[in-house]
Protein chains: 2
Amino acid sequence: MQPIESLQQQFEARCRKLGLAVTHQRTVIYRELVATGEHPTPEAVYERVKAQIPAISLGTVYKNVKTFLDAGLLKEVSLHHGTLRLDANTDPHHHMVCRQCRRIFDIPESEIEPVRLKNLPESGFQIDRFSIEVLGVCGACAAARE
Amino acid sequence: MQPIESLQQQFEARCRKLGLAVTHQRTVIYRELVATGEHPTPEAVYERVKAQIPAISLGTVYKNVKTFLDAGLLKEVSLHHGTLRLDANTDPHHHMVCRQCRRIFDIPESEIEPVRLKNLPESGFQIDRFSIEVLGVCGACAAARE
DNA sequence: ATATTAAACGATAATTATTCTCATTTGTCA
DNA sequence: TGACAAATGAGAATAATTATCGTTTAATAT
């Protein structure tokens, strides 16, 4: 019979594999991130963690969030938060984003088959439109890597 | 025979309709935004405009960008730039975003039919994955508006 | 268990992106 | 052309994030 690992145990194992110390702060930050079904900001995580570790500093939250992102334990919802990117193309279209150089290319809406949901969305959610991002590496960046 | 409006004339007409003064700065900012096929940051727009109006201030660029966004002449590429949003869900999934309260709901990948491009992408672009955002208004916000 | 050492922490300064304020200048319209 | 509201430029203020650095803590080898 398979041992059932607790979240805590899984977390510790992943840290060890990554060479990361299992600190109290790190553990609580991760636990809270998983606990909230939301997609919190670092500030919101800080608030939740502070309820349990009053002395924690916001910088520690940021540092660990970055560590977790690098380690793949966490994802960021948007590739291009951080600075406003403007789009003067008013025709309906989607985007192709290079994760290397962050350049953004337009894809006319007509190039993509319409999105179809298999079931009805979250109760009462009124859909305006779909926005598709094709993520990958652009020709130039792929070439630059040989 | 229909008169062919220049971009400049179209822009002036839209400004008039919106009650916006047609200033030199505003005109050049908009022209540069349309000229670049890219999706520039305000800073990048500022650099381009400064080549033509050396005395322009970055604040003016920001103010006009905001004005254009409000007016719908411009879009922002990402709804949630500005602050990092974290996601501890490591299963492949997409997002449903409320443009009112900015809450983000997960949609399991299996709920959406796979995206299909009709033609090959931008030369040499290597696709990693697709990220779909369903934009609209969540149940709670829709209810709050009556 | 304890000593050693590198990693992590907390406090806080620094940086970056963005917004705000206000005195001056410039379009708009009579 | 003149009056007035709107827009501009300069720079201060704020928000989000990163960096620095002295102290504390977890990992590990005794």
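The figures that follow rest on heavy atoms only: side chains count, while hydrogens, waters and symmetry mates do not.
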A.B. asks: With respect to the phosphate group of C/dT18, does any side-chain polar atom (N or O) of B/H81 fall under 4.0 Å of OP1 or OP2?
C.D. replies: yes

A.B. asks: Send over the distance from A/I29 CD1 to C/dG10 C1', rounded to a whole Å.
C.D. replies: 12 Å

A.B. asks: Pick base, sugar-phosphate or nothing for B/G19, based on heavy-atom distances below 4.0 Å to the nucleic acid.
C.D. replies: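 Touches nothing.
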
A.B. asks: Strictly below 4.0 Å: does B/Y62 bring a side-chain N or O up to OP1 or OP2 of C/dT19?
C.D. replies: no

A.B. asks: I want to confirm an ordering. Mapping A/L84 and A/T67 to their closest nucleotides on DNA chain C, which one lands closer to the 5' end?
C.D. replies: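 Comparing both residues, the 5'-ward one is A/T67.
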
A.B. asks: Using a cut-off of less than 4.0 Å, is there contact between a side-chain N or O of B/T83 and OP1 or OP2 of D/dA16?
C.D. replies: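 No, because none of the side-chain N or O atoms of B/T83 sits under 4.0 Å from OP1 or OP2 of D/dA16.
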
A.B. asks: Quick check on DNA chain C: between B/Q25 and B/P42, whose nearest nucleotide comes earlier from the 5' end?
C.D. replies: B/P42

A.B. asks: Once you round it to whole Å, what is the distance between C1' of D/dA6 and CG of B/N64?
C.D. replies: 11 Å

A.B. asks: Send over the distance from B/Q52 CD to D/dT8 P, rounded to a whole Å.
C.D. replies: 15 Å

A.B. asks: To the nearest Å, give me how far apart CZ (B/R16) and C1' (C/dT28) are.
C.D. replies: 10 Å

A.B. asks: On DNA chain D, does the nearest nucleotide to B/G59 precede the nearest nucleotide to A/G59 from the 5' side, or the other way round? Give the residue.
C.D. replies: B/G59

A.B. asks: Mind calculating the distance between CG (A/L58) and C1' (D/dT17) to the nearest angstrom?
C.D. replies: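 Answer to the nearest Å: 9 Å.
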
A.B. asks: Please tell me if A/T23 has a side-chain N or O lying less than 4.0 Å from either OP1 or OP2 of C/dA7.
C.D. replies: no

A.B. asks: Output the rounded distance in Å from OH (B/Y46) to P (D/dG11).
C.D. replies: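 Taking atom P of D/dG11 as the reference, OH of B/Y46 is at 11 Å.
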
A.B. asks: Return the value, rounded to whole Å, for the distance between atom NZ of A/K63 and atom C1' of D/dA16.
C.D. replies: 16 Å

A.B. asks: What about A/L69 and A/V49, same hydrophobic cluster or not, with Ile/Leu/Val/Met/Phe/Trp/Tyr joined at side-chain heavy-atom distances under 4.5 Å?
C.D. replies: yes

A.B. asks: Of the nucleotides C/dG27, C/dA11, C/dA8, which has the atom closest to the A/S57 side chain?
C.D. replies: C/dA11

A.B. asks: For the residue pair A/H39 and B/R103, establish whether any side-chain heavy-atom pair is separated by less than 4.5 Å.
C.D. replies: no

A.B. asks: Quick check against the 3.5 Å criterion: does B/R85 have a side-chain atom that pairs as donor or acceptor with the backbone of A/V77?
C.D. replies: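 Checked: no pair found.
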
A.B. asks: Any side-chain heavy atom of A/E38 sitting closer than 4.5 Å to one from B/I104?
C.D. replies: no

A.B. asks: Are any of the side-chain heavy atoms of B/V137 and A/I127 separated by less than 4.5 Å?
C.D. replies: no

A.B. asks: C/dA6 P sits how many Å from A/L20 CG, rounded?
C.D. replies: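 Roughly 17 Å, once rounded to whole Å.
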
